[in-house]
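To keep things clear, I will list the structure first and then write my remarks on it.
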Amino acid sequence: QVQLVESGGGLVQAGGSLRLSCAVSGRTLSNTAMGWFRQAPGKEREFVAGIGRSGYSTVYAVSAKGRFTISGDNAKNTVSLQMNSLKPEDTAVYYCAARRGQVVLNTTPIDYWGQGTQVTVSS
């Protein structure tokens, strides 16, 4: 069975950094598109970043581009989201997502979801 296990969330001051990780079991990154979404209190879930099968391409939301980096580690079968220059508006539950397709974008269907990890950025 496919499982996505997230780690790395926590509390950080504005301007700081966090690195989220998603361990994937049941699928390999060579045939799986991965992504990160987030949901803030009272807000809709939104797309943050995506990485294509075998990591051949990446795409970012406007809010993340230039600050966040998504990457994959084929040896460990994990996907990470490096978040720099964090802002209070980045506070949200971050979800790892996987798709049996080429890419993950804001409108693509998602086949598997992680349970989410809380990221809190203080002023």
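Quick note: numbers below take in every heavy atom, side chains included, and nothing from hydrogens, waters or symmetry partners.
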side-chain hydrogen bond (donor to acceptor under 3.5 Å, both in side chains) involving [X] - partner list, sequence neighbours excluded:
X	value
Ser122	none
Gln39	none
Ser57	none

Restricting to pairs with a member in residues 97-123, which pass ring-ring contact (aromatic ring centres under 6.0 Å, His included), not counting sequence neighbours?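 Only Phe37-Trp113 qualify under ring-ring contact (aromatic ring centres under 6.0 Å, His included).
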
Pairs touching residues 73-95 that satisfy ring-ring contact (aromatic ring centres under 6.0 Å, His included), sequence neighbours left out: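 Output for this query is empty, none listed.
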
Side-chain touch [X]/[Y], heavy atoms, less than 4.5 angstrom:
X	Y	value
Val104	Trp36	no
Gln82	Asn84	yes
Gln3	Val24	no
Met34	Cys96	yes
Asn77	Thr28	yes

Show me the donor-acceptor pairs, under 3.5 Å and distance only, between side chains in residues 41-55 and residues at least two apart or in other chains.
from	atom 1	to	atom 2	distance (Å)
Glu46	OE2	Arg38	NE	2.8
Glu46	OE2	Arg38	NH2	3.3
Ser54	OG	Ser30	O	3.4

May I have all residue pairs that pass side chain to side chain donor-acceptor pair (under 3.5 Å) and include part of residues 97-109, sequence neighbours excluded?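 Pairs touching residues 97-109 that pass the test: Tyr56-Gln102, Arg100-Asp111.
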
Looking at Glu89, I'd like to know if its CD atom is crowded, meaning that more than 12 non-hydrogen atoms belonging to other residues, nucleotides or ligands lie closer than 6.0 Å.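 Yes, because the 6.0 Å sphere around CD of Glu89 holds more than 12 heavy atoms from other groups.
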
Between atom CG of Leu20 and atom OG1 of Thr78, what is the distance when rounded to the nearest 0.5 Å?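 The CG atom of Leu20 sits 12.0 Å away from the OG1 atom of Thr78.
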
Pairwise distance CG(Leu81) to OH(Tyr60) - rounded to 0.5 angstrom: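 The OH atom of Tyr60 is 7.5 Å from CG of Leu81, to the nearest 0.5 Å.
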
Going hydrophobic residue to hydrophobic residue with side-chain gaps under 4.5 angstrom, can you get from Leu29 over to Val103?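 No, it is not one cluster - the side chains of Leu29 and Val103 are not joined through contacts under 4.5 Å.
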
Tell me, please, which residues at least two apart from Val121 pass side-chain contact (heavy atoms from CB on, under 4.5 Å).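 Counting only residues at least two positions away or on another chain, Val121 forms a side-chain contact (heavy atoms from CB on, under 4.5 Å) with Val12, Ala14, Leu86, Pro88, Asp90, Thr91, Val119.
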
Which hydrophobic side chains are connected to Leu11, either touching it within the sub-4.5 Å cutoff or through other members that do?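 Same cluster as Leu11: nobody, lone residue.
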
Using salt bridge (charged side-chain N to carboxylate O under 4.0 Å, His left out) as the criterion, list what pairs up with Arg19, not counting sequence neighbours.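 Partners of Arg19 by the salt bridge (charged side-chain N to carboxylate O under 4.0 Å, His left out) criterion come out as none, since no residue qualifies.
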
Inter- and intrachain pairs under salt bridge (charged side-chain N to carboxylate O under 4.0 Å, His left out), touching residues 114-123, at least two apart: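 Not a single pair qualifies under salt bridge (charged side-chain N to carboxylate O under 4.0 Å, His left out).
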
When you check the side-chain N and O atoms of Thr32 and Arg27, is any donor under 3.5 Å from an acceptor?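 Indeed, the side chains of Thr32 and Arg27 share at least one donor-acceptor pair under 3.5 Å.
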
Please output the side-chain donor-acceptor pairs of residues 68-76 that fall under 3.5 Å, not counting sequence neighbours, one pair per line with the distance.
from	atom 1	to	atom 2	distance (Å)
Asp73	OD1	Ala75	N	3.1
Asp73	OD1	Lys76	N	3.2

